Protein chains: 2
Amino acid sequence: MEDEVDRLVAAWRRERPDLDVEPLEVLSRVSRLARHLDRARRLAFAEHSLEPWEFDVLTSLRRAGAPYQLSPGQLLTQTLVTSGTMTNRIDRLAQKGLVERLPDPTDRRGVLVRLTPEGQDRADEALAGLLAQERAILGELTDRQRAELASLLRQLTAPFDNVPG
Amino acid sequence: MEDEVDRLVAAWRRERPDLDVEPLEVLSRVSRLARHLDRARRLAFAEHSLEPWEFDVLTSLRRAGAPYQLSPGQLLTQTLVTSGTMTNRIDRLAQKGLVERLPDPTDRRGVLVRLTPEGQDRADEALAGLLAQERAILGELTDRQRAELASLLRQLTAPFDNVPG
DNA sequence: CCCATATATCTTGATGTCAAGAGACTTCAT
DNA sequence: ATGAAGTCTCTTGACATCAAGATATATGGG
């Protein structure tokens, strides 16, 4: 079946027949698929009244394991946002009762952000919903194809994930 | 080589051994790779003093073929932004002399946005730079692997691209 | 002990985006 | 013709984000 990238590539080949636009076949599909996934996830999370950014913060804490707490600094390295954004996010999550701020007992400059029991439940529910949706999106592929895709994608992401930047 | 998603999946398997998180192996990699690509593209475009959104608009017009003009409405279906955003983008591109607004001769409500000669040059230069960068990112893969990846990704994107939404 | 430097978090101001709606014009049924 | 509904673009107001800097605390060399 044809997709938007086929049309995009065809347009470039018509307008710029001198250029080799083959890289777009892979990387434009990655970007466009990510956009579609963002929208789909937003819908899935909305069923649990969570925004994507809320899911990111709550699940970062959830994955940390009991007692489900991290410093704002650790959270911002995990979620790749700036400190101003993280302050704002913690404020709103605390107001909704999903996390709470605790003084760091070992550093008086510091704060610890801890998942409340309700925050933990919401994170767990939303994760289950997300996985159900993702299984549906991947439904067309065989196990063999999923493994192949994961492996090829890992080859592309590993260089980014294993440098300081 | 290990990547961030391997670590993410390992954390979930430790904290939620009851869940099958295998879908993340594919779809989290897609999202994370897209984030990396966004950053890389921003850098590539910066060498031509273009923002990613400027590239999107200019190349949409470029792909339309001579005389390189589209209505704001056509531009926003291509770039998936709202009309308010598009008005703002056209304003700024016109101010920089990369596009110009013309009255639509067939509909007095309408406007046509046309690429200026400078806008066309900038779009062409930035596209060449982008393709060079993308070839470097894909450098690790064989032709066979790229084709395989493109084909698998097309299977995932086609359902999104061939429905009204 | 003291000061310079580093670290952790929060605050401020600017920006780009979106959602909703306004204004101008067109289209179509009557 | 005429009025209602549709279409196209732009305006407005709210919001999340970022970059830069402020505040408070910690750390280590002299």
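Quick note on labels: first sequence line is chain A, next is B, and so on, each numbered from 1. Note: hydrogens, waters and symmetry copies are ignored here, and every other heavy atom, side chains too, is used. Keep in mind that what you see is a predicted model, and the values were worked out from it rather than measured.
- Across all strands, Gly73(B) comes closer than 4.0 Å only to sugar-phosphate atoms, never to a base (heavy-atom distances).
- The separation between Leu93(B) atom CG and dG16(C) atom C1' is 14 Å, rounded to whole Å.
- The main-chain N or O of Thr142(B) is found under 3.5 Å from a side-chain atom of Gln145(B) such that the two form a donor-acceptor pair.
- Nucleotide dA19(C) holds its C1' atom 16 Å from the CE atom of Met86(B), rounded to whole Å.
- Residue whose closest nucleotide on DNA chain D sits further toward the 5' end, between Ser83(A) and Thr106(A): Ser83(A).
- Remark: P of dA16(D) and CD of Gln95(A) are 11 Å apart, rounded to the nearest angstrom.
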(request) Could you walk me through whether Ser28(A) and Ser31(A) pass the side-chain hydrogen bond (donor to acceptor under 3.5 Å, both in side chains) test, one step at a time? (result) CA-CA 5 Å; Ser28(A) 289; Ser31(A) 292; over 6 Å; no
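- At the phosphate of dC10(D), OP1 or OP2 sits under 4.0 Å from a side-chain N or O atom of Arg101(B).
- A straight line from CD1 of Ile90(A) to C1' of dA16(D) spans 15 Å, rounded to a whole angstrom.
- Judged by distance alone, the side chain of Arg92(B) and the main-chain N or O of Thr87(B) form no donor-acceptor pair under 3.5 Å.
- A pairwise comparison of heavy atoms in Asp20(B) and Pro23(B) identifies O-CD, 3.7 Å as the closest pair.
- Computed from coordinates, the Arg108(B) CZ to dC8(D) C1' distance equals 14 Å when rounded to whole Å.
- Judged by distance alone with a 3.5 Å cut-off, no donor-acceptor contact links the side chain of Thr85(A) to the base of dC18(D).
- For the pair Asn88(A) CG and dA19(D) C1', the interatomic distance rounds to 15 Å; values are reported in whole Å.
- For Arg109(B) against dT7(D), a side-chain-to-base donor-acceptor contact under 3.5 Å is present.
- Taking 4.0 angstrom as the limit, Arg92(A) places none of its side-chain polar atoms (N or O) nearer than this to OP1 or OP2 of dC15(D).
- Distance from the side chain of Val111(B) is smallest for dC10(D) among the nucleotides dC10(C), dT17(D), dC10(D).
- Using a 4.0 Å heavy-atom distance criterion, Asp104(B) is classed as making no nucleic acid contact.
- Straight-line distance from the CG atom of Leu76(A) to the P atom of dT9(C): 8 Å, rounded to whole Å.
- In the hydrophobic clustering of ILVMFWY residues, with side-chain heavy atoms under 4.5 Å counting as a link, Leu58(A) and Leu19(B) come out together.
- We find that CG of Asp107(B) is positioned 11 Å from C1' of dT27(C), with the value rounded to whole Å.
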